[in-house]
Amino acid sequence: MLIDRLSVSQRIAELTDRVEREGTFTFTSMFRFARDGAEMSELEIRHEAVVTFLAMLEMAKLRLIAIHQEVVRRGDDGDVELDGEIWIS
């Protein structure tokens, strides 16, 4: 089995282009296996997930992207509940 190895730097470049093109997109849409329903092996899925997640973390650290999710506060006890999709911009 041959796996097209995607590097973290390649993924950063792809995600940077996407942010410039689209402005905002969802966390799950960054992953080809979640977006296209493409047939991928478990090894390919794992590789893409790890590389993409590392790229996203590095981009956030460098302040190239912002990661946000709507926060809904419920109750008087101060409990916080996260609601909705995670967004990248």
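If you're wondering where the values come from, they're calculated on a predicted model, not measured in any experiment. If you read the sequence from its start, that first residue is 1, and numbering goes on from there.
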To check you understand the geometry: which heavy-atom pair defines the closest contact between [X] and [Y], and what is its length?
X	Y	value
I88	M56	CD1-SD, 3.9 Å
F25	M30	CE1-CG, 3.4 Å
A60	I67	CB-CD1, 3.9 Å

Measuring only between side-chain heavy atoms, which start at C-beta, is H68 closer than 4.5 Å to I86? no

### Message
Hydrophobic clustering (ILVMFWY, side-chain heavy atoms < 4.5 Å, transitive) - are L15 and W87 grouped together?
### Response
no

Distance check, rounded to the nearest 0.5 Å: [X] atom [atom1] versus [Y] atom [atom2]?
X	Y	atom1	atom2	answer
R11	M59	CZ	CE	9.5 Å
T24	I65	OG1	CD1	11.0 Å
T26	E85	OG1	CD	4.5 Å

Verdict with supporting geometry, R46 and L43, side-chain contact (heavy atoms from CB on, under 4.5 Å) = CA-CA 5 Å; R46 186 179 310 130; L43 189 58; 3.9 Å; yes

Legend entry - Side chain Q10, main chain S7, donor-acceptor under 3.5 Å: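 Yes; at least one donor-acceptor contact below 3.5 Å.
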
*asked:* Quick one: does any side-chain atom of E22 pair with a main-chain N or O of V19 as donor and acceptor, under 3.5 Å?
replied: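 Such a contact is absent between E22 side chain and V19 backbone.
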
| said: For a quick check under 3.5 Å, do R18 and S29 share a side-chain donor-acceptor pair by atom type? | reply: yes

**Asked** Is atom CZ of R21 surrounded by more than 12 heavy atoms (other residues, nucleotides or ligands) closer than 6.0 Å?
**Response** yes

